[in-house]
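Encoded as structure tokens, the structure appears first; notes follow it.
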Amino acid sequence: MSALSVDQKSAVIAALCEGVSIRATERLTGIHRDTIMRLGVKIGHGCAALHDKLLVGLQVSRVEFDEVWSFVKKKRRNMQADDPDTVGDQFIFLAMDSTGKAILSWLVGKRTTRNAINIVSDVRRRVVGSPEISTDGYAPYIRAVDEVFDGTAAHGVVDKQIVVVAKGPNADNYYARETLVKVERAIMSGAPKTISTSFIERQNLTLRMSQRRLTRLSNGFSKKFENHCAAIGLYVVHYNFCRVHETLRITPAMQLGITDHVWSVSELLKGAMSGLVSEPETQHGRFRVIQGGLSD
């Protein structure tokens, strides 16, 4: 990996961020897939540190929370009793600024109350004041928002009721045919002006389309939890700093005032690998990816 030029590394990272698989990247660049894997993991970890340093002291008016289902190594129906929490279903928790379209925080782990509290707590450390918050019908968010923001945040819940109209081919109803029958909005605290998770749900599609690991019914899924987290860390920084949003016409990081230009992939590499990023004036606790966790 150390023998690669900056242009070669940039080509690899750009391909990985555009949904290209590792083996396809190998064919396109002529670089061995093991080298591509090691580079992606290293840059992914560096991007997580970069995100932690730069996205602090943010002025946002609304935040939306949601989770994206994924899995590592095996699906739930193939799990064994002695499998660790880093195997099987892994939910990607995301928090998004609905105005600036930036991903404020992310977390990979089991869908538990503990992880819901962790993602809300991390957002609290990054934003100034108490923005409006919209979440889906996942009940632990209610407790998390109330505890972390001490009841000062205007919190609304979007509860979508879905019914199964055709069962799936397996006993656990994987790939069952479902339809949306009702959408209810409820105020949990304060007086939110808008209760919606539309932007974060659209972000979920962008994430799934940009990461080959999240493509359904393929063999490109993650086999290691560490690599899975690194891929999400890489995606988040690339999305915030390098990708021009079609509505904003600038990157989300530019909209938040974090940077004044669109980052190139080589700039992302430099920031992630060398750590040449100025420390923010106010230090915040480092955000850690939670590896699984017991259900509360």
Side-chain angles (χ1 to χ4, degrees), residues 13 17 43-44 46-66 68 92-107 118-135 145 148-149 152-156 192-194 196-207 210 232-272 275-289:
I13 296 302
C17 291
I43 299 302
C47 284
L50 190 65
H51 175 91
D52 187 64
K53 292 179 180 179
L54 296 183
L55 271 78
V56 292
L58 305 175
Q59 296 278 357
V60 298
S61 57
R62 284 192 68 248
V63 179
E64 298 179 12
F65 289 85
D66 202 9
V68 181
I92 304 167
F93 290 75
L94 295 175
M96 180 180 183
D97 170 19
S98 61
T99 303
K101 306 299 186 293
I103 299 175
L104 305 177
S105 182
W106 61 276
L107 181 151
N118 283 329
I119 186 74
V120 176
S121 298
D122 189 63
V123 170
R124 184 68 188 95
R125 290 193 294 267
R126 298 183 186 279
V127 302
V128 177
S130 297
E132 285 188 8
I133 294 176
S134 293
T135 63
V145 173
V148 173
F149 285 88
T152 61
H155 180 202
K193 297 179 180 178
T194 303
S196 174
T197 55
S198 297
F199 292 122
I200 189 66
E201 289 172 1
R202 180 59 180 82
Q203 170 58 231
N204 294 347
L205 174 62
T206 303
L207 169 61
S210 300
I232 304 305
L234 173 60
Y235 165 79
V236 169
V237 173
H238 181 270
Y239 174 84
N240 282 341
F241 289 87
C242 301
R243 184 165 175 164
V244 176
H245 196 277
E246 291 186 0
T247 301
L248 301 175
R249 303 297 182 185
I250 55 177
T251 64
M254 293 173 66
Q255 181 70 18
L256 288 177
I258 301 174
T259 183
D260 59 358
H261 66 283
V262 180
W263 279 23
S264 64
V265 176
S266 61
E267 285 181 285
L268 184 150
L269 284 169
K270 182 179 179 180
L276 297 177
V277 181
S278 59
E279 293 285 347
E281 294 182 2
T282 304
Q283 294 294 324
H284 294 257
R286 172 159 173 72
F287 177 52
R288 296 177 297 170
V289 178

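A donor-acceptor distance shorter than 3.5 angstrom exists from the side chain of Arg62 to the backbone of Ser196, with no hydrogens or angles considered. Between the side chain of Arg243 and the main chain of Val262, no donor-acceptor pair closer than 3.5 Å is present. Here the side chain of His51 pairs a donor or acceptor atom with the backbone of Leu104 at under 3.5 angstrom.
In this structure, the separation between OG on Ser121 and CZ on Arg124 is 10.0 Å, given to the nearest 0.5 Å. Summarising the geometry, atom CG belonging to Asp66 is positioned 10.5 Å from atom OG belonging to Ser198; distances are rounded to the nearest 0.5 Å. Atoms CD1 and CD, from Ile133 and Glu64 in turn, are 11.0 Å apart once rounded to the nearest 0.5 Å. The distance from the OG1 atom of Thr251 to the CH2 atom of Trp263 is 9.5 Å, given to the nearest 0.5 Å. The distance from atom CE of Met96 to atom CG of Asn240, rounded to the nearest 0.5 Å, is 9.0 Å. One finds the NE2 atom of His238 at 9.5 Å from the SG atom of Cys47 (value rounded to the nearest 0.5 Å).
Between Tyr239 and His245, the two ring planes are perpendicular [angle over 60°; tilted spans 30° to 60°].
Annotation: side chain to side chain contact (heavy atoms under 4.5 Å, CB included) contacts of Gln59 (sequence neighbours excluded): Val128. For Ile250, the side chain to side chain contact (heavy atoms under 4.5 Å, CB included) criterion is met by Leu248, Met254, Gln255, not counting sequence neighbours.
Pairing each heavy atom of Phe65 with each of Ile200, the nearest pair is O-CG2, 4.1 Å. Shown here for Leu94 and Asn204, the closest heavy-atom pair between the two residues is CD1-OD1, 3.8 Å. When all heavy atoms of Asn118 and Leu107 are compared, the closest pair comes out as CB-CD1, 3.7 Å. The two atoms that bring Ala95 and Val63 nearest to each other are CB-CG1, 4.2 Å, heavy atoms only. Contact record, Pro131 with Ala153: O-CB, 3.9 Å, taken as the closest heavy-atom pair. Considering every non-hydrogen atom in both Gly233 and Trp106, the closest pair reads CA-CZ2, 3.6 Å.
When side chains are defined from C-beta on, Thr99 does not count as touching Val60, because their heavy atoms never get closer than 4.5 Å. The shortest side-chain heavy-atom distance between Phe241 and Leu268 does not fall under the 4.5 Å cut-off. Taking the side chain as every heavy atom from C-beta outward, Cys17 and Leu234 approach each other to under 4.5 Å. Looking at heavy atoms from C-beta onward, Leu50 lies in side-chain contact with Val237 at the 4.5 angstrom threshold. Asp52 places a side-chain heavy atom less than 4.5 Å from the side chain of Arg126. Side-chain atoms of Ile258 and Leu58, non-hydrogen and from C-beta on, do get closer than 4.5 Å to each other. The closest side-chain heavy-atom distance from His261 to Glu267 is below 4.5 Å.
Side-chain contact annotation: Ser266 with Ser264, donor-acceptor N/O pair under 3.5 Å present. With no hydrogens or angles considered, a side-chain donor-acceptor pair links Thr206 and Arg202 at under 3.5 Å.
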Under the side chain to side chain contact (heavy atoms under 4.5 Å, CB included) rule, what do Val148 and Val120 come out as? Steps first, then yes or no, please. CA-CA 7 Å; Val148 173; Val120 176; 3.8 Å; yes

